[in-house]
Amino acid sequence: MTTKQIEEIAVHTVGLYFSKSQAISPYISNNDKEPCWDGNLYVYSNPDKTNASLYGRIPVQVKGKIIKSNQIKEEIKYPVSTVNLKNYKRDGGILYFVVGIFEHCEKIYYAELTPLKLKQYIKQSNGRASCSIKLSLLDDYSASIDFKIRDFYENCRIQANNTERTINLEALTAPGKEVNLTFFASEMKDTKVSIPQYLSTHAVYLYANITDEFNNKLLRPVGEDPFSLKLIETVPATIKVNGKTYFNEFKREHKSNGGVILTIGEALKIELFPNKTPDHNVSFNLQEKELDLWIKEAEFVIDIAETHSLEIGGCQLNLQSQNTQQFLEWVKERLEHAKKIQRILIGLNVNKQLKLKEFTQTEENTIGILYKAICENQEVSIKEELPPVFTVNISNLCIALSCSKTPSGKYRIFSYKDVNEAIYYTDSNTTTPLRTSIYSWFQEEGFLSVCNIDFDDIVPSYQKVIEYNPNISQRANNDMLMMLLAYDKQHDIRLLKAAENLCQWIITIQDENDKNIHILNLMQIRRRERQLTADERENVMDLVDSVDNMGKVACYILLNNKEQVNHYINKMSKSDVQFLKSLPIYNLYECKDVNG
């Protein structure tokens with residue numbers, strides 16, 4: 001077969017293929033003498049294909065290739081001169097066709113050579129005279145081909161002058177950055193295909209919507225390659241089993257084969273197969289996670305396994321799952337143990353979720369002792385001597401407890417709040433132990449780690465002690481500062497609110513002349529929540545002349561006057577500066593050039 005015959009067959013095959021289209025007209029010449037190009041595909045917006053409905057023009061190159069093998073491959077490679085690749089890029093892209101001429105048929109292979117794809121091939125040629133491009137087998141004609149060609153035209157139009165102005169994906173996904181992305185999918189305009197459905201079967205070029213220095217709205221390519229994206233939709237729906245509502249939404253993921261995966265909670269996945277077949281695949285996966293969620297999902301799984309049914313948004317599904325008996329027995333056994341732990345944590349006012357794991361033997365022993373003591377109200381035998389207040393650790397939880405020894409030598413164990421013995425403290429200002437709240441025992445580390453703190457109990461616990469220790473405000477103030485130090489490391493808003501409530505109570509029991517330092521403490525609490533108001537700043541400024549140098553430093557830290565902060569720090573002794581650095585007010589100070 002001559003070269004002329006091969007070319008004529010190739011051009012005829014491509015022309016015949018697109019002659020079936022309602023939106024594309026091929027104009028490709030035989031024996032064309034135009035360098036680099038063989039013709040164009042004209043894209044129309046209406047089937048009438050008039051000049052008024054002309055949407056755009058796409059340059060094409062058509063080659064023929066005799067293929068002796070009888071095996072029709074999905075992809076082939078074909079060499080293209082680097083000079084031509086550069087010309088195609090300069091012109092804004094090209095559709096490249098190679099017609100494979102087999103013994104009994106012809107098959108069209110094509111490559112969508114957008115400017116960005118051409119840029120990659122040119123780089124890949126690395127100075128050589130030619131480069132092999134990859135072409136894919138063109139499916140039998142359908143309307144989806146018209147959509148694909150139109151999207152190619154749009155991608156070339158945007159990329160033509162932007163091949164050196166691409167945006168890195170990582171730059172767009174930086175924390176706090178919001179950006180709108182565009183992709184071309186003309187098929188979605190004329191069909192009922194949803195975005196997740198479309199993206200499950202199509203790779204797309206992404207473009208970032210940006211504004212230039214002249215306030216012009218522009219599209220810039222994201223990266224140099226098309227993206228294969230997987231979108232998981234969150235669908236609102238009431239999920240019930242046996243009349244009980246478990247969830248109010250599910251996740252839906254479209255697969256490339258046309259199937260759909262429904263994920264309910266984290267434990268259940270249902271795969272629905274394409275072509276409207278009644279078949280489905282159900283899988284359970286109860287992973288170790290937070291206790292309350294695990295219990296909810298375990299009950300959900302058990303209900304489904306026993307009833308073989310599930311209701312989603314009012315639609316009843318009959319589910320059959322094979323070989324679940326052994327799994328079900330394991331879930332029930334595990335669920336019984338998990339509910340015991342849950343009862344313990346509720347009884348001890350634990351306000352943090354337990355992370356499930358394989359517990360150590362020590363942890364299992366602790367769980368057993370606490371269940372007897374807290375849930376069954378029994379005395380328990382413990383070998384070692386216990387202090388009145390102590391902590392135990394289970395997984396990620398640190399739980400504060402109290403105990404009392406019975407005449408039998410056993411222990412009764414309670415929450416820390418129910419400690420039977422009075423709590424005393426001594427410090428440099430006391431000669432004899434003074435009564436205080438249980439919360440003086442916590443210190444910074446306790447406020448950081450203990451997970452069963454009753455924040456509403458803190459102020460009342462100091463109020464109960466005031467009749468035994470009229471100077472309790474001094475100790476309460478110290479404990480409040482411990483709360484702030486803990487808050488600055490963990491940012492638990494409950495701790496900050498508790499510190500504010502305690503500070504406000506301290507102010508109410510002070511003489512007028514003793515309130516200044518406590519007002520400053522209240523201001524530093526509020527400064528952690530927000531900027532001080534104009535009135536609050538005025539109050540702080542009014543206090544400057546009535547406090548010592550350390551108080552003045554606190555005032556100017558709150559007022560964000562670093563020059564004055566440094567001025568008064570320089571007047572302080574080295575030991576006072578070190579003490580200042582241990583206080584929570586110093587955490588609000590951002591200046592690093594502190595003397596001492």
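All values below come from the heavy atoms of this structure, side chains included, with hydrogens, waters and symmetry mates left out. Numbering of residues begins at 1 and proceeds along the displayed sequence.
Judged as a side chain to side chain contact (heavy atoms under 4.5 Å, CB included), and not counting sequence neighbours, the contacts of Ile466 are Ile472, Trp505, Ile509. Take Ala298 and apply the side chain to side chain contact (heavy atoms under 4.5 Å, CB included) test, not counting sequence neighbours, and it matches Leu286, Trp294, Val331, Leu335. The side-chain hydrogen bond (donor to acceptor under 3.5 Å, both in side chains) test applied to Asp303 returns Tyr246, not counting sequence neighbours. Taking Tyr411 as the reference, nothing meets the ring pair (Phe, Tyr, Trp, His ring centres under 6.0 Å) condition, with sequence neighbours excluded. Partners of Asp454 by side-chain hydrogen bond (donor to acceptor under 3.5 Å, both in side chains), not counting sequence neighbours, listed by chain and number: Lys417. Not counting sequence neighbours, the partners of Ser473 by the side-chain hydrogen bond (donor to acceptor under 3.5 Å, both in side chains) test are Gln510. Phe250 meets the ring pair (Phe, Tyr, Trp, His ring centres under 6.0 Å) test with no other residue; sequence neighbours excluded. In this view, Phe414 satisfies the ring pair (Phe, Tyr, Trp, His ring centres under 6.0 Å) rule with no residue, not counting sequence neighbours. Annotation: side chain to side chain contact (heavy atoms under 4.5 Å, CB included) contacts of Thr391 (sequence neighbours excluded): Cys398, Ala400, Trp441, Val450. Among residues two or more places apart in sequence or in another chain, the side chain to side chain contact (heavy atoms under 4.5 Å, CB included) test is passed with Phe227 by Leu169, Leu206, Val222, Leu229.
Under the side chain to side chain donor-acceptor pair (under 3.5 Å) criterion, the residue pairs touching residues 543-559 are Asn516-Ser546, with sequence neighbours excluded.
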Under 3.5 Å, which donor-acceptor pairs do the side chains of residues 476-486 form with other protein atoms, sequence neighbours left out?
residue : atom : partner : partner atom : Å
Asn477  : OD1  : His518  : ND1          : 3.3
Asn477  : OD1  : Asn521  : ND2          : 3.0
Asp479  : OD1  : Arg475  : NE           : 3.4
Asp479  : OD2  : Ser440  : OG           : 2.5
Asp479  : OD2  : Tyr462  : OH           : 2.5

